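Worksheet: the structure to be examined is printed underneath.
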Amino acid sequence: MGQVGWKGLCLSLFDYKTEKYVIAKNKKVGILYRVVQLSILAYLVGWVFVVKKGYQDSDTSIQSSVITKLKGVAFTNTSELGERLWDVADYVIPPQGENIFFVMTNLIVTPNQRQDTCSESTGIRDALCSKNRDCPAGEAVIAGNGVKTGRCLKVGSNTNGTCEILAWCPVEKKSKTKKPLLANAENFTVYIKNSIRFPKFKFSKTNVLNTDDDSYLKNCHYSAQHLYCPIFHLGKLVSWAGNNFQDMASEGGVIGIQIEWDCDLDKPPSECNPHYSFSRLDNKFAEKSISSGYNFRFAKYYRDAEGVEYRTLIKAYGIRFDVMVNGKAGKFNIIPTIINVGSGLALMGAGAFFCDVVLLYLMKKSNFYRGKKYEEVKSSSRKSLPGGTVNGNQNSESLATLEQLRQLQTVET
Amino acid sequence: MGQVGWKGLCLSLFDYKTEKYVIAKNKKVGILYRVVQLSILAYLVGWVFVVKKGYQDSDTSIQSSVITKLKGVAFTNTSELGERLWDVADYVIPPQGENIFFVMTNLIVTPNQRQDTCSESTGIRDALCSKNRDCPAGEAVIAGNGVKTGRCLKVGSNTNGTCEILAWCPVEKKSKTKKPLLANAENFTVYIKNSIRFPKFKFSKTNVLNTDDDSYLKNCHYSAQHLYCPIFHLGKLVSWAGNNFQDMASEGGVIGIQIEWDCDLDKPPSECNPHYSFSRLDNKFAEKSISSGYNFRFAKYYRDAEGVEYRTLIKAYGIRFDVMVNGKAGKFNIIPTIINVGSGLALMGAGAFFCDVVLLYLMKKSNFYRGKKYEEVKSSSRKSLPGGTVNGNQNSESLATLEQLRQLQTVET
Amino acid sequence: MGQVGWKGLCLSLFDYKTEKYVIAKNKKVGILYRVVQLSILAYLVGWVFVVKKGYQDSDTSIQSSVITKLKGVAFTNTSELGERLWDVADYVIPPQGENIFFVMTNLIVTPNQRQDTCSESTGIRDALCSKNRDCPAGEAVIAGNGVKTGRCLKVGSNTNGTCEILAWCPVEKKSKTKKPLLANAENFTVYIKNSIRFPKFKFSKTNVLNTDDDSYLKNCHYSAQHLYCPIFHLGKLVSWAGNNFQDMASEGGVIGIQIEWDCDLDKPPSECNPHYSFSRLDNKFAEKSISSGYNFRFAKYYRDAEGVEYRTLIKAYGIRFDVMVNGKAGKFNIIPTIINVGSGLALMGAGAFFCDVVLLYLMKKSNFYRGKKYEEVKSSSRKSLPGGTVNGNQNSESLATLEQLRQLQTVET
């Protein structure tokens with residue numbers, strides 16, 4: 001060791017060390033290994049890279065802004081409301097055109113409600129009574145419209161009556177037309193503008209054709225040919241979601257309009273297109289339960305000449321449209337590429353391990369190969385001789401067998 | 001080489017090459033290596049696969065639709081408003097039942113406001129004046145209610161007064177009842193229907209029991225036993241968020257209702273259940289700052305007989321409920337599985353490297369093992385002899401030592 | 001084998017097996033390998049760990065709650081409306097201060113609309129007529145305001161007229177002031193409170209300074225110095241988005257306020273700060289198309305002394321502000337760390353493979369190195385002799401060459 005100086009030590013840093021391999025001329029295992037290698041490669045290239053785009057970094061935190069605008073008028077002629085025309089300001093709630101909008105298609109109007117006492121609506125169990133004591137004053141009617149005054153109102157000579165309540169009187173009648181009032185809403189159109197942005201990649205796009213042609217957006221309708229004309233016919237929106245507009249208009253419901261942006265930003269921006277899908281979101285199966293349909297109550301408040309407030313209560317049935325935007329953008333990035341390549345290569349090691357097991361334990365001459373692969377060195381020998389390994393092989397074979405099997409078992413656990 | 005034809009070349013493709021190993025009969029390092037192997041396996045199986053479900057592909061871009069509906073009435077009797085009953089159309093804003101809803105619990109009503117001139121409310125610094133010049137005409141009062149007219153209004157013989165403003169007059173009085181007006185809102189109930197969908201896995205579910213039993217949803221309340229009855233008592237919602245309803249009702253606040261769907265789609269759909277949690281979202285700690293509480297102003301507009309507009313301004317205090325849905329679905333997928341297995345196997349290589357260092361540098365007989373592991377071949381020798389390596393070992397030991405240490409250092413950097 | 005009992009088998013479990021290496025004293029390849037190793041290490045440490053924080057688990061499913069509140073009054077004096085003061089209850093829609101709010105800056109008011117018959121507004125192509133038959137009764141005017149009554153109204157002796165319609169009459173005049181009515185809205189301020197939570201890490205924060213100082217939030221404005229004072233001047237918000245408030249106020253538009261929380265939770269919470277950015281979301285480029293600007297119609301409903309409903313229709317132009325919150329939190333986690341380290345190590349194997357190719361096929365003495373690296377064993381030989389490998393090398397060289405090249409090709413495919 002004395003002959004080797006610092007110079008040698010430094011130089012040895014740049015010696016190249018490479019693993020020593022044993023070539024086993026066994027065609028069966030050789031073919032097996034090639035098959036395993038090719039499978040892993042096919043998986044890596046075909047599935048991970050081509051199909052799943054494993055070389056891309058992805059951004060799913062999309063920023064989205066939705067502007068909606070409805071168009072259309074409907075004419076109704078009922079005994080209650082007379083001839084009436086409904087325009088956008090009447091039937092769209094809320095008016096400001098956000099990503100959730102509601103189109104009123106049916107309604108129960110209870111006009112001229114005032115703070116007063118009247119009879120609770122029939123059919124509410126908690127308001128049934130036979131004597132005044134059944135209506136304790138000040139108690140709210142459960143699932144009702146007001147607070148009991150302490151009187152039991154009976155019609156004629158009936159023994160059973162209904163509690164008198166303090167409420168907005170008269171109370172709402174529980175009836176609505178089976179045929180939706182605004183059946184014509186089917187022909188309304190809605191313009192849905194969606195601007196999106198992937199902050200990670202600083203990529204923006206909208207779903208509206210950027211055209212100078214004024215008339216395009218006035219006349220087009222969304223279709224496969226007009227992917228960038230986001231003007232939808234309400235009836236078609238509902239039918240695309242697998243429902244009938246007239247059925248739905250009567251009881252109300254919720255339609256989800258999903259806009260999906262699945263963008264491969266390694267391609268030109270024109271390849272990043274919105275994909276629309278439509279589905280019904282309220283539970284249409286449980287038809288009679290509280291969970292199907294969609295309605296809510298709101299009121300318009302007025303004051304009479306004396307300044308007393310009165311209101312028109314409207315129970316609005318209709319279709320709520322929820323525009324939901326989600327998206328994913330992918331762009332080449334070295335980190336996921338390396339993670340995937342690295343894992344693939346590590347898998348090759350697992351393949352080699354599997355073939356080793358076949359070669360060393362399942363082949364006829366496995367003893368011979370084991371001896372070649374494993375070179376036993378005994379630390380008890382003072383000086384190992386070049387030929388020592390050959391003899392050692394004889395003894396170590398059975399040991400190595402067990403050893404390899406154990407290794408196999410542990411890995412397979 | 002002449003004897004080996006193309007046939008041989010082709011056949012050699014299917015020779016199997018396997019790494020040559022040296023068996024070091026050193027129990028200490030052997031045990032160490034087994035321990036390392038077992039630790040990595042335990043980590044891989046126990047933590048990555050069992051706990052973290054590393055074999056699953058996950059989808060966090062949940063699509064969600066929320067429908068909310070409130071029930072309940074409250075009776076109030078104040079000198080200002082007289083006997084009044086409040087129902088859903090009165091206290092819920094906005095009425096349409098989306099994922100954010102507000103329940104009014106306290107209010108300052110300023111009725112009969114008209115466009116007029118009047119005195120700015122006292123207490124606004126910018127409107128304090130001693131002479132008309134302090135109130136330049138046309139200037140808006142900072143943090144006030146109107147535009148100065150140029151006059152300084154003084155009460156009696158005071159030297160200090162308040163600017164006259166053009167505004168909706170009379171201006172709002174800065175006082176509200178300490179006890180919330182609609183204290184009874186505590187007993188209201190809210191029905192929160194949430195339909196979700198994981199687009200990647202095409203999996204949908206709602207948080208409402210799909211039952212034929214009409215009465216179930218009319219009578220049930222949410223509890224651990226009734227996980228699929230999403231009908232909540234407002235008072236309990238607030239208490240679950242760690243607050244007192246009456247305290248909160250006075251100043252207002254925001255309650256977050258988090259619905260979390262953590263679904264393992266390798267299990268049956270019935271195992272994918274919503275998990276509710278409740279928290280207060282406005283800053284309750286900074287009680288006196290602008291940042292706590294929740295209120296907003298809105299107006300009801302009326303016209304008198306002459307067609308002149310007047311309004312009732314309402315400063316509404318109350319509790320806003322934000323229903324926030326988030327979720328994650330996982331399903332077995334080969335790619336993350338392979339990434340995790342691959343990384344685990346690569347880690348085994350790191351474990352072997354660590355044990356090598358122990359064996360080759362920290363053991364007594366490390367010199368001997370180094371000689372066995374590294375077989376030096378000199379390119380300067382014309383023909384290497386089988387026994388050459390043995391002699392070579394003697395010289396290369398010290399070189400290999402340095403070499404290995406360098407390697408160790410670089411890796412550990 | 002008889003001498004080796006069970007005890008020996010068990011002991012052999014703890015023999016340590018280590019790969020046998022061949023040291024090639026070739027400085028070129030040695031240096032190449034060191035360079036490859038260092039590059040991979042530099043990439044792993046520098047890029048994956050320091051820049052991309054590959055050792056962190058990330059949570060992008062942020063829970064966010066936004067409360068907004070506007071302040072400011074504006075005075076207008078028009079022939080139509082007279083002197084009028086606009087306060088928060090007048091110009092903010094919806095009033096409740098959620099994450100999307102709209103500030104009205106210009107409007108077309110059509111007062112005293114009643115259900116009646118009148119002439120459709122001129123300029124709508126579908127309502128042009130020359131005789132009554134051009135206006136079939138009951139047909140809705142496309143893109144119009146009502147339903148045709150069957151009469152064609154002509155002014156004077158014109159041959160062309162406009163269909164009479166049943167509608168809310170009179171219909172809206174298509175004109176608005178070029179100069180925005182509420183130009184002063186530029187000076188309004190908005191307070192945007194945002195509370196966020198990362199559910200995975202149970203970390204919450206708000207964008208408001210948690211101070212006891214009452215006056216701080218009353219006087220501060222958002223700036224680089226006051227990052228935790230989220231009070232914004234509307235004019236500045238618009239200019240930060242690269243637009244002019246007065247231009248935008250006339251036609252309306254949508255401004256996105258992005259709040260980004262990019263939090264490294266391995267650092268103290270005070271390092272997790274919101275980052276604001278502002279952008280215009282409606283398409284300002286296509287100025288004349290339907291896709292630029294932002295407006296919507298709403299109505300205020302009144303009843304006259306006879307109880308007949310009439311309304312004031314308002315076409316509101318203005319700026320909608322969408323507060324969009326997104327965020328990402330990262331925290332040290334062992335799994336991504338191991339995935340990244342594992343892939344890096346696997347990559348080292350790829351580097352070694354590359355150097356092997358150089359050594360074994362591109363070097364002068366590559367034949368010699370190949371012979372050393374690959375030790376051929378023939379299963380046909382009954383007993384392999386220690387010296388056998390040396391002779392075998394001579395024959396296997398060419399085979400190995402082809403074999404290695406194939407391996408290279410397959411990997412590079």
Side-chain angles (χ1 to χ4, degrees), chain B residues 1 4 9 12-13 15 19-27 29-31 33 48 52 60 93-94 100 102 115 140 146-147 166-167 254 256 281 283 286 288-291 296-299 301 303 305 313 322 324 326 339 343 346-347 349-350 356 359 373-379 386 396 410, chain C residues 14-26 37-38 41 60-61 63 65 67 69 71 73 75 83-85 87-89 94-98 191 193 195 199 206 208 210-211 214 217 300 302 305 335 338-339 342-343 345-346 365 368 372 374-375 386-387 390 395 398-399 402-403 406:
Chain B
M1 272 184 72
V4 191
L9 282 167
S12 78
L13 238 185
D15 284 346
E19 288 163 11
K20 184 152 186 162
Y21 277 81
V22 171
I23 302 182
K25 288 198 161 284
N26 184 309
K27 295 282 173 281
V29 180
I31 289 168
Y33 185 56
V48 180
K52 288 288 172 181
T60 55
I93 298 166
I100 296 183
F102 170 82
Q115 293 279 344
V147 171
L166 179 86
V254 184
L281 295 178
N283 194 351
K288 292 194 171 171
S289 86
I290 193 178
S291 83
F296 61 86
R297 286 181 183 85
F298 68 97
Y301 294 86
R303 293 214 166 190
L313 179 70
D322 286 24
M324 292 181 275
N326 71 313
I339 287 178
S343 322
L347 220 62
D356 271 8
L359 181 74
K373 183 175 169 76
Y374 296 106
E375 179 181 322
E376 190 174 354
V377 288
K378 280 211 184 91
S379 59
S396 69
T410 13
Chain C
F14 300 108
D15 283 348
Y16 179 64
K17 289 198 287 284
T18 181
E19 289 164 12
K20 184 152 186 163
Y21 277 82
V22 172
I23 301 181
K25 287 202 161 283
N26 184 311
Q37 270 188 327
L38 283 175
L41 262 172
T60 55
S61 67
Q63 284 178 349
S65 165
I67 298 174
K69 197 163 196 174
K71 282 221 159 149
V73 291
F75 173 76
E83 290 197 334
R84 199 183 195 289
L85 187 102
D87 70 1
V88 168
Q96 64 263 25
E98 297 176 3
Y191 164 69
K193 184 179 169 195
S195 308
T206 94
V208 183
N210 205 346
T211 178
D214 273 25
L217 282 174
K300 292 180 192 166
Y302 308 101
I335 293 184
I338 281 172
I339 287 178
S343 321
L345 290 175
K365 307 212 170 182
F368 166 77
K372 285 295 160 196
Y374 296 106
E375 177 181 325
V390 178
N395 292 341
S398 54
L399 301 178
L402 185 67
E403 150 71 352
R406 292 284 163 139

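Residue numbering restarts at 1 for every chain, and letters A, B, ... go by the order of the sequence lines. This one's a predicted model, so the numbers in the text were calculated from it and none came from an experiment.
- Proximity to chain C (any heavy atom under 4.5 Å) is shown, for B:Ala305, by neither the backbone nor the side chain.
- Residues B:Val147 and C:Glu83 form no side-chain contact, since every pair of their non-hydrogen atoms from C-beta on lies 4.5 Å or further apart.
- Nearest heavy atoms, B:Ala167 versus B:Gly146: CB-CA, 4.0 Å.
- Between the side chain of C:Ser195 and the main chain of B:Leu281, a donor-acceptor pair closer than 3.5 Å is present.
- Your options are C:Ile338, C:Thr60, C:Val22, and the one with the most heavy-atom pairs under 4.5 Å with chain B is C:Ile338.
- Contacts between B:Phe102 and chain C at a heavy-atom distance below 4.5 Å are absent for every atom of the residue.
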**Message:** I'd like to know whether C:Leu217 forms a side chain to side chain contact (heavy atoms under 4.5 Å, CB included) with C:Lys193, so could you lay out the CA-CA distance, the side-chain angles of the two residues, the decisive distance to 0.1 Å, and finally the verdict.
**Reply:** CA-CA 11 Å; C:Leu217 282 174; C:Lys193 184 179 169 195; over 6 Å; no
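- Annotation: side chain of C:Lys69 is not in contact with side chain of B:Phe296 (no heavy-atom distance under 4.5 Å).
- Note on B:Ala140, B:Gly30, B:Pro94: by heavy-atom pairs under 4.5 Å with chain C, the leading option is B:Gly30.
- Contacts of B:Leu313 with chain C are made by side-chain atoms alone, with heavy-atom separations under 4.5 Å and no backbone atom involved.
- Per-residue heavy-atom pair counts under 4.5 Å with chain C were compared for B:Leu166, B:Leu359, B:Val254, B:Asp322, and the maximum is reached by B:Leu166.
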